[in-house]
2 protein chains.
Amino acid sequence: MAVQQLHTAGRLPGETRLRLLSATRALLAAKGRRGTTTREIADQAGVNEATLFRHFGSKDALVDACVEYYCRTVELEELLASLDGNLERDLRRIASALMQRMESVRDLIVMSLAEEDGNGIVGEAAWRAPTAIKKIVADYMAKRIAAGELSGNPLFLARFFMGMVFSYVMGRKRFPEEYAAEPDQVVEFQVDVFLNGARKG
Amino acid sequence: MAVQQLHTAGRLPGETRLRLLSATRALLAAKGRRGTTTREIADQAGVNEATLFRHFGSKDALVDACVEYYCRTVELEELLASLDGNLERDLRRIASALMQRMESVRDLIVMSLAEEDGNGIVGEAAWRAPTAIKKIVADYMAKRIAAGELSGNPLFLARFFMGMVFSYVMGRKRFPEEYAAEPDQVVEFQVDVFLNGARKG
DNA sequence: GCGTTATGCAAGTAAGTACTTGCACTTAAC
DNA sequence: GTTAAGTGCAAGTACTTACTTGCATAACGC
C-alpha cells in the first residue's frame, strides 16, 4: 500500500476542492441556487469560507464548476454497442440508460427548469446526457420505421419515449411512496405500452 | 352601466390585493420564491411596498395567498359529464382537460418541485387539479379494464397517462421551439399511442 | 363636516450574505 | 533550513432585503 501523501493541513491534494463541489451539489439539490449560502457550503464541506473563495473566486463560479463536474462526460458507446436489433430489448436498454442518467442529475434538471435563466450553464449541462440519448432514440425510431417495424413520426415517437422516462423520474421525486416500484419493472411496462398500447385484443 | 364606486386613492375595492397577487404570480414564475423581492412585487403591481405588508403581513403569507388564489377550485363535473363511453374520445377529453390545467399552473408545479419543502402549501395547491384528475383517470382505467377494453394495472396505466401529459407540458417549457405543435394534435397522438402502441401491424 | 380606511412617501432598522483581508500555522518541496 | 503553497481564523466591508414607522392625503360612510 502506497502511503497517501498529504499536501497541506492534513488534506489530500484536490480534496478540498472535491469536498466543496460535493457540498455544493447537496445544498443546491435541497435549497436551490439562491437558497444556498457560501457559509453553508463551507460548513458542510468542513472548510473555511475564505478557502471557498480562494478556490473558486465567486459563488457563481463554484456553482458552475459543480454542475460541470457532475455532468461531465456522457459515454454512450456502451449503450450503442449493447443494441442487438431486438426491438423490445433495445428499447428497454435505451429506456434503462436514460432513466439512470436522468435520475443521476434529476436535482439539476429541476433546478434548470425553475431558474430564471433556464438556458444557462446549469440548463445546458443538466440536459446534456438526456439530449445525447434523445438523438440515439430519434435515430433508432427512424430506422425502425423505415424497416416497417414501427409507425408514426420518428420525432414524436422519440419525444414520447423520452417523456415516459422523464415523467417517471419526476414522479418519483414528488410522490416517492407511489413510485416505489422496481425500475426494471417500470421500464418493462413502459416499453410494453409504448409498443403494443393498452388496448386489449 | 352601473358606475364603479372608487374606494380610496382611485382604486376599486380589492383591486390593490389583486394587483399584488397578479404581480407576485408573474415574478414567482420568472424568478422563483427566493429570487423575487417584495420591492419588485410592489413596483410591478404599481403599489407601494408598505401597502404590500399592510395587506399580507409578510412575504411568505403573500406567496401562500397567491398560490392559493391561482389554484382555487377544480370543478370537474363538466369533465365527467362530457365522457360518453367512447373510449378514444373520452381519453382525449381527459387528456385535454389535464393538459389545460397543468399548463395553467406549470410555473407553480415547477416551483413546488424545486423548493426545499416540496410538500408545503405551494406543492399541495399546485398539484390539486392534476391530482383530482388523476383520480378520475384511475377510476376510468379500472372500469375499462373490467369491461375488457383495456388491459394492465389500472394504477400503472393512470400514471402512464398522466405522465404523457406532464412530460409534454414540461417539455414545452424547456424546449418551446420543439414543442410548438397544436395541443389537439398532441393529445390525439398521445392517446393513439397509449391505446394502440407504436408497433406496426 | 367628521371619522375611518386605504394608500403613498420617505426614512430607517435589523439581519443576512457575498466577498475581502491580514495573520498565524502546517506541510511539502528543494 | 528555507521557501512556497494551502488552509484556518477573526474581523470587517458593502450591499441587499424583509419589514416598520410616522406623516400627509384622498376618498368613502354617516
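Residue numbers start from 1 in every chain, and the chains themselves are labelled A, B, ... in the order their sequence lines are given, proteins ahead of strands.
Put simply, the residue from B:Tyr179, B:Tyr168, B:Phe189 that forms a ring pair (Phe, Tyr, Trp, His ring centres under 6.0 Å) with A:Phe156 is B:Phe189.
In the region residues 19-26 of chain B, proximity to DNA chain C at under 4.0 angstrom, judged on heavy atoms, holds for none of the residues.
Residues A:Arg72 and A:Glu68 are not paired through a salt bridge, judged by the lack of any N-O separation under 4.0 Å between the basic side chain and the carboxylate. Look at A:Glu75 and A:Arg101 and you find a salt bridge, because one of the NZ, NE, NH1 or NH2 atoms lies within 4.0 Å of a carboxylate O, short of that distance. A salt bridge links A:Glu178 with B:Lys134: at least one charged nitrogen is closer than 4.0 Å to a carboxylate oxygen. Taking 4.0 Å as the cut-off between side-chain N and carboxylate O, A:Arg199 and B:Glu88 count as a salt-bridged pair. Electrostatic pairing of B:Arg33 and B:Glu115 counts as a salt bridge here, judged by a charged N lying under 4.0 Å from a carboxylate O.
The side chain of B:Thr16 contributes an N or O atom lying less than 4.0 Å from OP1 or OP2 of C:dT7. Applying the 4.0 Å criterion to OP1 and OP2 of D:dT17, one finds that B:Thr38 has every side-chain N and O outside that range.
Shown here for A:Gln44 and A:Ala23, the closest heavy-atom pair between the two residues is CG-CB, 3.8 Å.
For the pair A:Leu62 CG and C:dT17 P, the interatomic distance rounds to 16 Å; values are reported in whole Å. Between the P atom of D:dA18 and the CD atom of B:Glu40 lies a distance of 9 Å, rounded to the nearest Å. Rounded to whole Å, atom P of D:dA10 lies 18 Å from atom CZ of A:Phe53. As rounded to whole Å, 13 Å separates atom C1' of D:dC9 from atom CZ of A:Arg39. B:Leu52 has its CG atom 11 Å from the P atom of C:dG8, to the nearest Å. Distance CD (B:Glu49) to C1' (D:dA18): 7 Å, rounded to an integer number of Å. Distance NE2 (A:His55) to P (C:dA18): 18 Å, rounded to an integer number of Å. Distance CZ (A:Arg54) to P (D:dG8): 8 Å, rounded to an integer number of Å.
Within the nucleic acid shown, A:Gly35 has no heavy atom closer than 4.0 Å to any nucleic acid atom.
Nearer to the 5' terminus of DNA chain D, by closest-nucleotide assignment, is the contact made by A:Thr51 (compared with the other of B:Asn48 and A:Thr51).
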